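Per chain, numbering begins at 1; letters A, B, ... match sequence-line order. Predicted model only: the values in this text are computed from it and were never measured.
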Amino acid sequence: MIRRKKRGGRDAGTPLGLFRLMKVRLKVWRQEGPNKPGRFETYETPELNPNMSFLEMLDAVNEELIRQGKEPIAFAHDCREGICGTCGITINGQPHGPGKGSATCQIYMRKFRDGETITLEPFRAKAFPVIKDLIVDRSALDRIILRGGFISVRAGSAPDANTIPIPKRTADLAMEAAQCIGCGACAAACPNASAMLFVGAKASHLGLLPQGQPERFSRAAAMAEQMEEEGFGACRAYGACEEACPKEIKLEVISRLNRDFTLALLKGEL
Amino acid sequence: MQARRATPIVRYAFSAIGRKVIMAVTGLALTLFLLLHMLGNLQLFVGSESINRYAHFLHSNLELLWPARIFLLLCLCLHIWSAVSLALENKRARPVGYEGNPVPPGTTLAARTMMYTGLAIAAFVIYHLLHFTVRAPAVNFAGQDFHALKEALPWGEERADVYRMVALGFHQPVAVLIYLAGVGLLCFHLSHGLSAMFQSLGVRDRNWRGRLDRYAVWFSWLLFLGYAAVPAAVISGWVK
């Protein structure tokens, strides 16, 4: 059914493929460097095609800023198809913006109303210091991976993997967790800035599969400890991370991490 | 951090996940106490003999009473310690919030207010103990000494008349309001906590999550109604 609500883009009276140009006002967090004070600045966008992606809209705004001799808005991006985990802007208070299961690059301007004011902020967490404007340093997640997000022995190549029978359900659960692209939206969405969904996804992804079994408990313990050292908060089972996750990773990966952490103690692997 | 050199059990107990587990286990113990306490209270509907005998039984077995009290106090202290220490760390983890403090999607009001409801419950527990355990006349709004309420037994002894104490205590509208507010917040706290504890213990998977969330709400309502039944019985004149 076509939504009759007036949005930028096609409405009930416009044939498919045709659209109404739209404009929005951006309230953007500008910060020159890591330890500089930041502030909000407001920009009017040029006329936009509602089928532009959110990042294309920012490109258009930046071209305009460059033309005016101003500093463009710095934002992180790479693949622009939702699989690299590089982009990440908090749009109207929601990391990766409106829409379930999509990264910032998969948000389209037709999600917004013509003339709407959109607030853009960086991912907020103590462990994610701002580098510039909307770009944050997410190397804390890399350091968590360095503590256990791998399998220490050579697990073989693709044909070797196929020689180990894995129950369908286990494979599905591991693959679901393996979808995590490490964007950090979970920590950005969590009121406690906890990265448990990320750590849980990595621990589930490796810990569920036979190749990851030998290090399952020590891995969970080491990664959870590193998460704490990086200054991320603790999980209160809010569920905000799950809502923001572009890959819709389930909250149960955190439950599994909690279980493996306790088992690590009991098995003497903590 | 120096915690790294500590023994595994100490590292576990002070880790974020370890403290969540401590919170879950102590919360579970306190919830079981709440259930027993509610069932004990409901003997009021059986009559004064039943509840007075039960109260006398509890109070005359000091070898059971004090270990139970110390255990509950220990649970309460550990629960509050883990909650407050984690809350302070959580606050530090997000020094800058989002513009306009938007409500994070996917969260519930009960989850977001656990710290506030928890502190209010702690205050209520102190009041409640002063009201009916210490029986301080200053907080019962009736201006009566509940210690003086005794029931004579046929064989010459006397025991505390809990039945009359409750009836007199809940004849005061202010006492009833404080009680209902305290129990209400407690049950609101439980509506999140009872499901989240299974997450911390690592047994809440996708199949159980929805069910546990529902059961937590049902159980919280059950406790609320069970506790609220007592002042309701007094106000309606069932218990005189």
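With a 4.5 Å cut-off on non-hydrogen atoms, A:F232 touches chain B through its backbone but not through its side chain. For a residue to count as touching a neighbouring chain, one of its non-hydrogen atoms must lie under 4.5 Å from one of that chain's; by this rule A:P122 touches chain B with the backbone only. For A:E243, the part lying near chain B is the side chain, with the backbone staying farther off; criterion is any non-hydrogen pair under 4.5 Å. Residue A:A188 touches chain B through both its backbone and its side chain, counting heavy-atom pairs closer than 4.5 Å. Only the side chain of A:M196 comes within contact range of chain B, with at least one heavy atom under 4.5 Å from a heavy atom of that chain. Proximity to chain B (any heavy atom under 4.5 Å) is shown, for A:L120, by neither the backbone nor the side chain. If you measure heavy-atom distances from A:L263 to chain B, you find no contacts under 4.5 Å at all. Interface remark: A:C190 contributes backbone atoms only to the contact with chain B (heavy atom separation under 4.5 Å). Of the atoms belonging to A:A189, it is backbone heavy atoms, and not side-chain ones, that fall under 4.5 Å from chain B. For chain B, the nearby part of A:T90 is the side chain; its heavy atoms alone come within less than 4.5 Å. Looking at B:R209, only its side chain comes within 4.5 Å of chain A, counting heavy atoms on both sides. For A:F128, no part lies under 4.5 angstrom from a heavy atom of chain B.
With chain B as partner, the option from A:E230, A:Q94, A:R124, A:K27 having the largest number of non-hydrogen pairs under 4.5 angstrom is A:R124. Comparing B:R206, B:M114, B:E89 by heavy-atom pairs within less than 4.5 Å of chain A, the highest count is held by B:R206. Across B:A196, B:A110, B:P105, the residue that shares the most heavy-atom pairs under 4.5 angstrom with chain A is B:P105. Chain B forms more heavy-atom pairs under 4.5 Å with one residue of A:E242, A:R256, A:E269 than with any other, namely A:E242.
Heavy-atom contacts from other residues, nucleotides or ligands closer than 6.0 Å to CZ of A:F40 number more than 12.
Within residues 213-226 of chain B, no residue approaches chain A closer than 4.5 Å by heavy atoms.
Proximity of B:L34 to B:L190: side-chain heavy atoms (C-beta onward) are separated by under 4.5 Å at one or more points.
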